[in-house]
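Just so it is clear: chains get the letters A, B, ... in the order the sequence lines come, proteins before strands, and each one is counted from 1.
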Amino acid sequence: MAKQQKNAVSPARAEDFPEWYQQVVRAADLAENAQDVRGCMVIKPWGYGLWEQIQRQLDQMFKDTGHQNAYFPLLIPVSYLEKEAEHAEGFATECAVVTHHRLEAQKDEETGKVKMVPTGKLTEPYVIRPTSETVIGAAFARWVQSYRDLPLLINQWANVMRWEMRPRLFLRTAEFLWQEGHTAHETKDEALEETEKMLRVYETFARDHLAIPVITGEKTENERFPGAEKTLCIEAMVQDRKAIQAGTSHYLGQNFSKAAGIEFASRSEEGATEFAYTTSWGVSTRLIGTLLMAHADDDGAIMPPKVAPSQIVIIPVTPKEDTKEEVLHAAEALAKTLRKDEFDGEPLRVHVDRRDVGGGTKTWDWIKKGVPIRIELGPRDIEKRSVAVSRRDQGPKEKQFIPKEDFLRDVGNVLSEIQNGLLARATEFRDGNLVEISSMEEFVKFFTPKNPNKPEIHGGFAVCHWAGSNEEEEKIAKDHKVTIRCIPDAERFEGTGKCILTGAEGARKVIFAKSY
RNA sequence: CGGGGCGUAGCUCAGCCUGGUUAGAGUGCCUGGUUUGGGACCAGGAGGCCGGAGGUUCGAAUCCUCUCGCCCCGACCA
């Protein structure tokens with residue numbers, strides 16, 4: 001007998017959430033830590049396939065809202081960063097700097113080993129982009145002459161680098177993949193509208209594609225993007241009840257246009273020039289981390305059908321050598337039929353697992369990877385014109401024998417059901433851990449674990465009336481490891497009341513939570 | 001950068017305290033056989049300069065010093 005482990009992933013979520021997360025990434029074969037490069041990751045095919053889906057679907061949404069893709073340099077002259085003081089300061093501590101442009105081989109006379117020594121010092125060092133406001137701003141300054149050149153709606157898919165202290169796969173890596181939208185507008189209102197519009201795109205994508213309900217809102221001044229006038233965000237709750245910022249949209253005012261010189265001939269006044277109003281907005285591979293922490297269970301990842309690299313995996317059951325060919329053939333034929341069908345307006349993504357390994361191994365591999373639907377197809381099924389269907393949102397041992405025609409007819413509905421079920425479950429979880437709190441005593445209790453030595457999963461989103469100062473906000477962050485995630489904008493959070501800290505009336509609601 | 005933990009087979013780890021033939025286990029991998037609606041079973045096999053450097057010693061995975069890297073908790077952050 002093989003070891004009869006109840007679950008594929010250990011430890012369980014409830015035992016050790018951070019470790020569980022790492023084990024899920026491993027079990028699902030999504031990515032691994034780069035062996036010799038600090039803080040970087042190798043994204044494996046299943047993980048990259050997920051990113052490709054996210055990328056493709058978001059990209060379509062950007063195009064539908066009038067944006068175009070472009071690409072800008074990886075390296076940024078240090079002087080560019082200096083142009084916007086707040087921005088420079090914000091990123092200064094996490095920049096990788098390029099100082100040389102060649103290597104020279106030097107042979108050690110004693111050991112005979114060859115060492116490559118940097119030489120060719122640059123007169124002005126570059127930083128590897130932590131974000132591209134400054135380079136793109138410089139380009140925009142060249143591209144914009146007249147109000148007729150606006151709005152400029154550009155997006156870039158790229159990698160960026162931020163030398164983070166404590167990297168974690170997908171959640172915070174030194175190098176990560178993302179998209180960064182950068183737009184320039186004639187008026188403040190237009191730019192604000194763009195900032196809001198892209199926030200709604202992110203909200204929609206998170207909800208309808210990733211099955212993650214997010215809370216939208218504005219960051220407080222303390223939490224704002226360096227150099228922004230206004231930072232909007234989507235905040236998700238994951239299964240340890242912590243918050244994770246899954247996307248941001250910034251209104252930059254004229255800060256960057258003044259720094260970069262994005263100036264245009266005015267529409268209203270002859271001979272006058274004005275500075276453009278700019279925005280930037282982005283989501284990253286962190287979405288994958290968020291997705292995992294939101295949906296995965298103690299058997300591994302769970303992929304929402306819309307973004308699953310494969311939505312259906314067919315596992316041929318080949319008990320006898322003489323029927324093997326027939327079964328494989330039938331599996332391929334079924335896959336071909338399914339691929340003609342559509343889900344969410346796109347051909348179904350179907351994979352036939354032809355590997356020469358045991359059927360149980362295959363089943364568990366795909367459970368761990370989180371494929372929404374598994375189909376087992378064997379000689380008896382072919383004979384009976386049926387398929388054995390298992391769903392990732394049900395137990396690993398559950399399977400239903402369904403006539404093939406019925407399955408083909410219902411497959412789209414089943415995928416929708418799984419997609420909707422994931423969203424419903426995540427929403428229920430979030431709302432169940434979203435608590436209105438009206439006193440500091442209650443607040444402290446909410447965010448204090450019962451067992452300080454081995455903190456259990458506790459807390460959640462605390463909705464409080466707040467009118468404190470920036471300093472008071474910082475103090476709370478320091479004392480309780482809790483920050484204001486956002487000032488939520490949804491109707492359900494409207495209304496004012498008594499500030500939880502100062503007691504001042506007329507304070508509006510904010511959401512406090514521990515966060516990633 | 002502070003506090004804690006840890007680097008031994010592809011992976012998970014035992015051995016270290018109390019130094020002593022040829023460094024182990026499970027799993028994975030390869031081969032053969034038995035199985036076949038299933039994370040199978042049996043047998044055989046490959047795979048390690050015990051993270052790296054230095055030291056103590058007749059002898060170091062084990063003791064000492066330095067160093068590099070990883071993980072967790074903080075500070076910083078998408």
On a whole-Å scale, what distance lies between the [atom1] atoms belonging to [N] and [M]?
N: B:C50; M: B:U22; atom1: C1'; value: 15 Å
N: B:G15; M: B:G32; atom1: C1'; value: 33 Å
N: B:G59; M: B:G3; atom1: C1'; value: 38 Å
N: B:G39; M: B:C77; atom1: P; value: 49 Å
N: B:A61; M: B:A43; atom1: C1'; value: 32 Å
N: B:G44; M: B:U67; atom1: P; value: 48 Å
N: B:C42; M: B:G48; atom1: C1'; value: 27 Å
N: B:C68; M: B:A53; atom1: P; value: 15 Å

Legend entry - Under 3.5 Å donor-acceptor pair, A:D365 side-chain atoms to B:G39 base atoms: no

Specify the separation, in whole Å, of atom [atom1] of [X] and atom [atom2] of [N].
X: A:I367; N: B:G38; atom1: CD1; atom2: C1'; value: 12 Å
X: A:L169; N: B:C71; atom1: CG; atom2: C1'; value: 12 Å
X: A:R355; N: B:G38; atom1: CZ; atom2: C1'; value: 13 Å
X: A:R374; N: B:G37; atom1: CZ; atom2: P; value: 18 Å
X: A:K362; N: B:G37; atom1: NZ; atom2: C1'; value: 13 Å
X: A:W364; N: B:G38; atom1: CH2; atom2: C1'; value: 13 Å
X: A:D356; N: B:C29; atom1: CG; atom2: C1'; value: 14 Å
X: A:D16; N: B:G5; atom1: CG; atom2: C1'; value: 13 Å

Inset, instruction - Encode nucleotides 72-78 of chain B as B, S and - characters from 5' to 3', where the letter depends on protein heavy atoms closer than 4.0 Å: B to the base, S only to sugar-phosphate, - to neither. - result: SBBBBBB

So what's [N] paired with, Watson-Crick or G-U wobble, going by both distances under 3.5 Å?
N: B:A43; answer: B:U31
N: B:G38; answer: none
N: B:C6; answer: B:G69
N: B:A14; answer: none
N: B:C1; answer: B:G74
N: B:U62; answer: none
N: B:U22; answer: none
N: B:U57; answer: none

Inset, instruction - Applying side chain to side chain donor-acceptor pair (under 3.5 Å) between A:T231 and each of A:R224, A:K219, A:H250, report the one that passes. - result: A:H250

Inset, instruction - Take atom NE2 of A:H329 as the centre, draw a 6.0 Å sphere, and report whether it contains more than 12 heavy atoms from other residues, nucleotides or ligands. - result: no

Legend entry - A:F446 atom CZ, over 12 foreign heavy atoms within 6.0 Å: yes

Inset, instruction - Inspect the contact between A:D299 and A:K368 and indicate whether a charged nitrogen and a carboxylate oxygen are less than 4.0 angstrom apart. - result: no

Inset, instruction - May I ask you to say whether A:E203 pairs ionically with A:R200, meaning some side-chain N is under 4.0 Å from a carboxylate O? - result: yes

Inset, instruction - For A:V357 and for A:R380, locate the closest nucleotide of RNA chain B by heavy-atom distance; then report the residue assigned to the nucleotide nearer the 5' terminus. - result: A:V357

So [X], base contact, sugar-phosphate only, or nothing? Heavy-atom distance under 4.0 Å.
X: A:K368; result: base
X: A:T131; result: nothing
X: A:G378; result: base

Legend entry - Donor on one side chain, acceptor on other, A:H87 and A:E89, under 3.5 Å: no

Inset, instruction - Evaluate the side-chain proximity of A:R385 to A:E405: yes if any heavy-atom separation is below 4.5 Å, no if none is. - result: yes

Inset, instruction - Look at A:N33 and B:C71 and indicate whether a side-chain polar atom (N or O) is within less than 4.0 Å of OP1 or OP2. - result: yes

Inset, instruction - For residues A:W366 and A:H351, establish whether the separation of their ring centroids is below 6.0 Å. - result: yes

Legend entry - Aromatic ring proximity A:F17/A:Y21, centre distance under 6.0 Å: no

